[in-house]
Structures are given as structure tokens and as C-alpha cells.
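Computed from a prediction, not measured in an experiment: that's the story for all the values here.
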Amino acid sequence: MGVNVREINGNAPRKANLKGVKWIVIGAVAILAAANSFTIVPAGNTGVVLTLGEVSSTPLTEGFHLKAPFIQTVEDMSNKIQVYETPASAVSKDLQTVSSSIAVNYKLVSDKSPEMYKTVGVDYQTILITPVVQECMKSATAKYNAEQLITDRESVSNEVKTALDSKLNSYGIYIEKFNIVNFDFSAEFNTAIEAKQVAEQNLLKTKTEQEQAKVIANTEAEKKVIAAKAEAEAILKQAQAQADANKLLEESLSDKVIAYEQIQKWDGVMPKVTGKDGGLLIDVNIDDSAASSAKTN
């Protein structure tokens with residue numbers, strides 16, 4: 001039996017090609033397996049491990065991690081602070097329609113990420129946060145009248161935040177901050193509020209002017225009292241000074257000084273009045289006495 005050399009030579013290249021393809025496939029599978037044997041969890045995220053669809057209760061932290069290729073997959077869940085902004089409509093205690101713009105800063109706790117993924121999924125903002133925010137906003141708004149919503153906005157915000165925490169904390173969602181960006185009311189209500197504010201401002205202006213008038217009147221009265229007291233004190237001091245001067249003058253006058261002054265001022269005519277102590281107390285008319293003596297003689 002003869003051997004066909006051409007057939008042998010024709011099959012050799014074909015076997016070599018098959019062997020090369022085999023190694024290429026093995027290499028590709030190895031590369032693909034190696035590429036799927038690790039994962040990198042970005043900063044600010046938690047990795048939720050799925051083993052053939054089953055959620056592992058132990059999350060992966062940030063960084064590099066090994067995993068079983070083709071069997072395990074990792075879903076990233078953000079733990080960063082996120083901002084949710086939305087309009088909200090509610091009714092106040094006095095039945096005024098209130099339109100508001102609100103902003104919620106929240107974050108998902110890393111330890112709760114697997115449970116959140118398992119029970120809610122990645123779109124937990126739409127499924128959980130949106131309806132709860134609307135519900136809490138309506139509930140808080142109904143406790144205040146329209147004016148209080150404007151003047152006590154911080155109190156309303158704190159109440160809504162507390163309500164959100166009580167409903168969302170069990171899911172691992174924590175509210176960092178809740179802000180009421182704006183309140184808006186109907187045109188009629190805004191007009192009424194403006195008119196009331198104008199009336200209050202006018203009343204305040206009137207009261208202020210009255211208080212100023214009272215202050216001015218009191219100031220003028222106090223000035224007059226002070227001036228009268230000053231004048232009285234001046235008169236009293238002047239009278240006291242005059243009394244002191246008279247007392248000093250009286251103490252300084254002696255009999256000798258008085259006699260000396262009389263001598264200095266005597267004009268040579270005998271006094272008509274004399275006293276028992278030499279004072280001029282008795283009227284003595286020398287001329288009349290001489291005439292009487294002459295008639296008697």
C-alpha cells in the first residue's frame with residue numbers, strides 16, 4: 001500500500017493553524033479572566049459585590065480589590081454628599097397655596113449600601129427621597145400660616161429636616177442640610193401682605209415721631225428745671241455771701257472804730273441827739289434851751 005506524500009504534506013499546515021488558533025483563544029480567555037479578576041472602587045464610593053446575582057452583605061471600600069472573574073460583579077454606590085433640588089407645593093394653615101423651591105443635601109452611609117442596593121436599587125433618590133420630601137414639606141407647611149412661613153422659615157426648615165431624618169435614616173440616608181430656597185404665594189396674598197406692611201410702617205413711623213416729641217418735651221422740661229435750680233442756687237449763694245459779709249462787717253465794728261468814724265465825719269456842730277452811752281439817741285436843741293433860760297431870767 002503506498003503513501004500519498006501530497007496528502008501528508010497538505011494536512012501538516014492545517015494542524016499547525018488549528019494549534020495556533022487554540023493558543024490565541026486560550027490567551028484571550030486568560031486575558032479576559034485576568035481583566036475580570038479585580039475591580040477598583042472610586043473614592044467616595046462603596047462597592048456592592050454580586051455573586052451570581054446574590055448581594056453580599058460586606059461592601060468593598062475604596063481602592064483595588066480581587067474578585068472571582070465572570071462570577072462576581074461590583075456595583076458602585078456613591079457615599080458623597082448629593083444635592084436634590086425640586087419645587088414643592090403645599091397649603092398653609094390659613095389655606096393659602098404655597099409654592100416653594102427646596103434643596104436637600106443628603107448622603108448614603110457606606111454600611112447601608114448593600115441593603116439599599118438589594119431593597120431599592122441605585123435610583124433611591126427617585127424611589128425614596130422624592131416622595132418623602134414632598135410629604136414632609138406638606139405636613140410641616142400645614143402647621144404654619146402664610147405669614148409665619150415667611151418669618152419663621154428657619155423653624156419650618158428644621159422641622160422638615162427632622163421629619164426627613166426620621167423617615168430616611170433607617171435606609172442609611174442621612175440629611176446633611178435642608179433649605180427652603182424660596183416661598184411664593186398668590187398675587188392677592190402678596191398684595192395684602194404689602195398693604196399690611198405699609199400700614200405697619202406708617203404706624204411705626206407715627207409712634208416714632210410721638211416718642212421723639214415726648215423726648216424733646218422731656219428734654220426741654222429738664223433744661224428748665226436745671227436752669228431754675230441753677231438760678232435758685234445762685235440766689236442762695238449770693239444771699240449767703242451777703243449775710244457772711246454783713247456778719248464780718250458787724251464783727252469788725254467796735255466802739256472805738258465808730259467813734260473814730262464820727263470824729264472824722266464831724267463838721268464842728270454839736271450833735272442834737274445824744275445817748276446815755278454817748279450815742280446820738282436824744283434830740284438836744286441848744287438854741288431852744290438858751291432861749292427858754294433867757295425868758296425865765
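- Here the side chain of Glu54 pairs no donor or acceptor atom with the backbone of Val49 at under 3.5 angstrom.
- The main-chain N or O of Ile216 is never found under 3.5 Å from a side-chain atom of Asn218 such that the two would form a donor-acceptor pair.
- Of the inter-residue distances, the one linking Lys229 atom NZ with Glu222 atom CD reads 10.0 Å to the nearest 0.5 angstrom.
- You'll find the side chain of Glu135 reaches within 4.5 Å of the side chain of Lys167, heavy atoms only.
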(message) Does Tyr117 form a side chain to side chain contact (heavy atoms under 4.5 Å, CB included) with Leu50? I'd like the steps, not just the answer.
(response) CA-CA 10 Å; Tyr117 184 87; Leu50 305 176; 3.6 Å; yes
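- With hydrogens and angles ignored, the 3.5 Å screen pairs no side-chain donor or acceptor of Ser99 with any backbone N or O of Pro87.
- Checking side-chain atoms of Thr141 against main-chain N and O of Lys138 turns up no donor-acceptor pair under 3.5 Å.
- Side chains of Asn79 and Thr46: a donor-acceptor N/O pair is present below 3.5 angstrom, by distance only.
- To the nearest 0.5 Å, atoms CG (Asp165) and SG (Cys136) are separated by 9.5 Å.
- In this structure, the separation between CG on Leu164 and OH on Tyr106 is 12.0 Å, given to the nearest 0.5 Å.
- Counting only heavy atoms from C-beta outward, the side chains of Ser57 and Pro114 never approach each other to under 4.5 Å.
- For the pair Asn169 (side chain) and Ile173 (backbone), a donor-acceptor distance under 3.5 Å is present.
- In terms of heavy-atom proximity, Met77 sits nearest to Val122 at SD-CG1, 3.7 Å.
- Nearest heavy atom pair, residue Ser78 against residue Lys80, reads OG-N, 3.3 Å.
- Heavy-atom contacts from other residues, nucleotides or ligands closer than 6.0 Å to CD of Glu176 number more than 12.
- Scanning all heavy atoms of the two residues, the minimum distance from Ser157 to Phe178 falls at O-CD2, 3.7 Å.
- A donor-acceptor pair under 3.5 Å is absent between the side-chain atoms of Asp76 and the main chain of Gly47, judged by distance alone.
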(request) For the pair Leu149 and Ser92, evaluate side chain to side chain contact (heavy atoms under 4.5 Å, CB included) and give the outcome as yes or no after the intermediate values. (result) CA-CA 8 Å; Leu149 290 174; Ser92 64; 3.9 Å; yes
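- Annotation: the span from Ser113 atom OG to Lys118 atom NZ amounts to 14.5 Å, rounded to 0.5 Å.
- Counting side-chain heavy-atom gaps under 4.5 Å among Ile, Leu, Val, Met, Phe, Trp and Tyr, Leu236 is found in no cluster with other residues.
- For the pair Asp152 (side chain) and Ser155 (backbone), a donor-acceptor distance under 3.5 Å is absent.
- Among all heavy-atom pairs drawn from Ile127 and Val120, the shortest one is CD1-O, 3.7 Å.
- When hydrophobic clusters are built by joining Ile, Leu, Val, Met, Phe, Trp and Tyr residues whose side-chain heavy atoms come closer than 4.5 Å, directly or via intermediates, Val83 is not grouped with Ile175.
- Tyr84 OH: more than 12 foreign heavy atoms inside a 6.0 Å radius.
- Annotation for Val109: hydrophobic cluster partners, listed by chain and number, are Tyr174 (ILVMFWY side-chain heavy atoms under 4.5 Å, direct or chained).
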(request) Take Val55 and Glu75 through the side chain to side chain contact (heavy atoms under 4.5 Å, CB included) test and state the conclusion after the steps. (result) CA-CA 10 Å; Val55 178; Glu75 291 288 341; over 6 Å; no
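- At least one side-chain heavy atom of Ser100 sits less than 4.5 Å from a side-chain heavy atom of Met137.
- Inter-residue side-chain proximity for Val181 and Ile102 is flagged as unmet; no heavy-atom pair is nearer than 4.5 Å.
- Interatomic distance, Gln72 CD to Ser56 OG, rounded to the nearest 0.5 Å: 8.0 Å.
- When all heavy atoms of Val156 and Ile180 are compared, the pair lying nearest together is CG1-CD1, 3.7 Å.
- The heavy-atom pair separating Ala163 from Ser166 by the smallest distance is O-OG, 2.7 Å.
- Val98 has its side chain out of reach of Val91: every pair of non-hydrogen atoms, C-beta onward, lies at least 4.5 Å apart.
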(request) Check the pair Thr126, Asp123 against side chain to side chain donor-acceptor pair (under 3.5 Å), reporting the backbone distance first and the verdict last. (result) CA-CA 6 Å; Thr126 302; Asp123 195 16; 3.1 Å; yes
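- Between the Glu115 side chain and the Lys112 main chain, no donor and acceptor come within less than 3.5 Å of each other.
- The only member of Arg153, Lys93, Glu159 that meets side chain to side chain donor-acceptor pair (under 3.5 Å) when paired with Tyr144 is Glu159.
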(request) Take Lys67 and Val74 through the test side chain to side chain contact (heavy atoms under 4.5 Å, CB included) and record every step on the way to the result. (result) CA-CA 9 Å; Lys67 66 183 182 65; Val74 177; 3.9 Å; yes
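- For the atom pair NE2 of His65 and CG of Leu60, the computed distance is 5.0 Å after rounding to the nearest 0.5 Å.
- Judged by distance alone, with hydrogens and angles left aside, the side-chain atoms of Thr219 form a donor-acceptor pair with the main-chain N or O of Val215 at under 3.5 Å.
- Between the side chain of Asn105 and the backbone N or O of Ile81 there is no donor-acceptor pair closer than 3.5 Å.
- Note on Val48: it does not cluster hydrophobically with Val41, by side-chain heavy-atom contacts below 4.5 Å among ILVMFWY residues.
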